[in-house]
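In what follows, a single structure is set out as structure tokens and then discussed.
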There are 2 protein chains.
Amino acid sequence: MFASRRVTRPRVLIVEQLNRLDAFSTAQTVYTSLCARGKKVGIATIYRNLQAMAGRQELDTLHMDGETFYRLCKDRHHHHHLVCRKCGRTVEFEIPGFEEWTREGARSLGFSEVSHSLELFGVCKRCRLGATSNDSDASD
Amino acid sequence: MFASRRVTRPRVLIVEQLNRLDAFSTAQTVYTSLCARGKKVGIATIYRNLQAMAGRQELDTLHMDGETFYRLCKDRHHHHHLVCRKCGRTVEFEIPGFEEWTREGARSLGFSEVSHSLELFGVCKRCRLGATSNDSDASD
DNA sequence: CTTGTTGCAAACGCTTTGCATATCA
DNA sequence: TGATATGCAAAGCGTTTGCAACAAG
């Protein structure tokens with residue numbers, strides 16, 4: 001699925017919307033915000049594309065409450081996220097040596113093929129000071 | 001919901017089954033394994049009770065692929081899990097000072113009310129050497 | 001033209017809920 | 001007995017899929 005990467009209208013819109021949102025967003029959010037701008041794209045198409053892009057490492061993903069959040073990748077190398085619980089705004093960070101540290105510790109406990117998931121959640125300054133929801137977006 | 005904590009047959013069975021499984025398990029797994037032992041308990045009851053127990057910190061929870069996994073708490077204080085991807089067997093561990101470290105780092109980035117989620121996944125020795133799925137269980 | 005994509009609607013899998021019935025204390 | 005918990009089946013929610021129509025190259 002999605003082997004050829006054609007440039008279609010829906011794809012352009014999805015990427016553009018991800019850019020506007022600039023925060024971890026669900027497929028539904030992308031869909032809704034596109035609708036709000038009068039751009040019609042089938043929700044299935046959005047799910048399919050977000051999934052495919054994530055598979056190609058073009059998007060970062062995050063799981064919360066059984067929902068998948070996507071965001072355009074900023075950083076190429078392995079990193080973690082500090083995500084605002086209110087608006088989804090995100091800061092990326094890395095912990096040098098963390099990967100090796102976990103692998104090592106796990107191995108000493110008899111585990112192999114180790115992977116890890118680390119996410120930090122909090123409330124960003126802007127949200128703490130007033131704003132309640134996602135901002136971004138503006139012109140067309 | 002569940003304010004009184006009555007000792008009912010379903011509850012006894014659920015806790016007993018969690019003990020037998022001794023690995024992170026989903027509501028469905030608990031249900032299925034109870035069925036396998038000929039113990040009939042409604043799936044809704046299982047969901048309700050696991051949820052309530054987790055709310056009372058009697059169970060640890062873990063989220064993966066949009067499913068919630070539960071396991072009897074072994075350790076009272078804050079800790080993380082190293083979970084076997086194949087059988088769900090788990091090792092608990094803690095990282096001294098990790099909590100403070102994350103809070104501090106996040107604060108320096110303008111975030112407050114920081115929480116974190118860290119899980120390690122791997123394949124345990126037993127699974128690597130042959131066994132493919134959950135074992136446990138035996139007599140009645 | 002040909003093949004990859006889309007959009008719709010129906011299907012899915014996990015979880016939750018409404019409500020009449022059964023049960024603990 | 002009376003409040004609480006259970007079980008069933010239906011609903012909910014996010015996500016996926018089948019398939020005919022469509023559009024990019």
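Remember, predicted model here, so these are calculated numbers, not experimental data. Letters A, B, ... mirror the listed sequences (proteins, then strands); counts begin at 1.
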### Message
If the condition is side-chain contact (heavy atoms from CB on, under 4.5 Å), which residues does A/C35 pass it with, not counting sequence neighbours?
### Response
A/Y31
#### Entry: B/K40: partners by side-chain contact (heavy atoms from CB on, under 4.5 Å), with sequence neighbours left out
none
### Summary
So salt bridge (Lys or Arg N to Asp or Glu O under 4.0 Å) across residues 105-119 of chain B, not counting sequence neighbours, yields B/E104-B/R107
Rounded to the nearest angstrom, tell me the gap between atom [atom1] in [X] and atom [atom2] in [N].
{"X": "B/N49", "N": "D/dT4", "atom1": "CG", "atom2": "P", "value": "15 Å"}
{"X": "A/H63", "N": "C/dC14", "atom1": "NE2", "atom2": "P", "value": "16 Å"}
{"X": "B/I14", "N": "D/dA5", "atom1": "CD1", "atom2": "P", "value": "12 Å"}
{"X": "A/R11", "N": "C/dG7", "atom1": "CZ", "atom2": "C1'", "value": "14 Å"}
{"X": "B/L13", "N": "D/dA5", "atom1": "CG", "atom2": "C1'", "value": "14 Å"}
{"X": "A/K39", "N": "C/dG7", "atom1": "NZ", "atom2": "C1'", "value": "18 Å"}
{"X": "A/I46", "N": "D/dT17", "atom1": "CD1", "atom2": "C1'", "value": "17 Å"}

### Task
Hey, could you give me the NE2/CG distance between A/H81 and A/D60, rounded to the nearest 0.5 Å?
3.5 Å
For [X], enumerate each residue passing the salt bridge (Lys or Arg N to Asp or Glu O under 4.0 Å) test, keeping only those at least two apart in sequence or located in another chain.
{"X": "B/E58", "answer": "B/R56"}
{"X": "B/R9", "answer": "none"}
{"X": "A/E92", "answer": "A/R71"}

### Base versus backbone protein contacts along nucleotides 10-16 of chain D [heavy-atom cut-off under 4.0 Å; B, S, -]
----SBB
## Note on the structure
Between A/V41 and B/D65, the residue closer to the 5' end of DNA chain C by nearest nucleotide is A/V41
### Message
Starting from A/V123 and following side-chain heavy-atom contacts under 4.5 Å between hydrophobic residues (I, L, V, M, F, W, Y), which residues can be reached?
### Response
none
### Query
Is it the case that B/T26 and B/T29 place a side-chain donor and acceptor less than 3.5 Å from each other?
yes
### Query
For B/R103, which residues count as a side chain to side chain donor-acceptor pair (under 3.5 Å) partner, sequence neighbours excluded?
none
### Message
Restricting to ring-ring contact (aromatic ring centres under 6.0 Å, His included), what partner residues turn up for A/F98, sequence neighbours left out?
### Response
A/H80, A/H116
Might you list the N or O atoms of the protein lying below 3.5 Å from N or O atoms in nucleotides 23-25 of chain C, with each pair's distance?
{"from": "C/dT23", "atom 1": "O2", "to": "B/R6", "atom 2": "NH1", "distance (Å)": "3.1"}
{"from": "C/dC24", "atom 1": "O2", "to": "B/R6", "atom 2": "NH1", "distance (Å)": "3.3"}
{"from": "C/dC24", "atom 1": "O2", "to": "B/R6", "atom 2": "NH2", "distance (Å)": "3.1"}
{"from": "C/dA25", "atom 1": "OP1", "to": "B/V7", "atom 2": "N", "distance (Å)": "3.4"}

## Note on the structure
When the rotation axes relating C1' atoms of four end pairs to the next four are compared across the helix from C/dC1-D/dG25 to C/dA25-D/dT1, five pairs an end, they differ to 10° by 30°
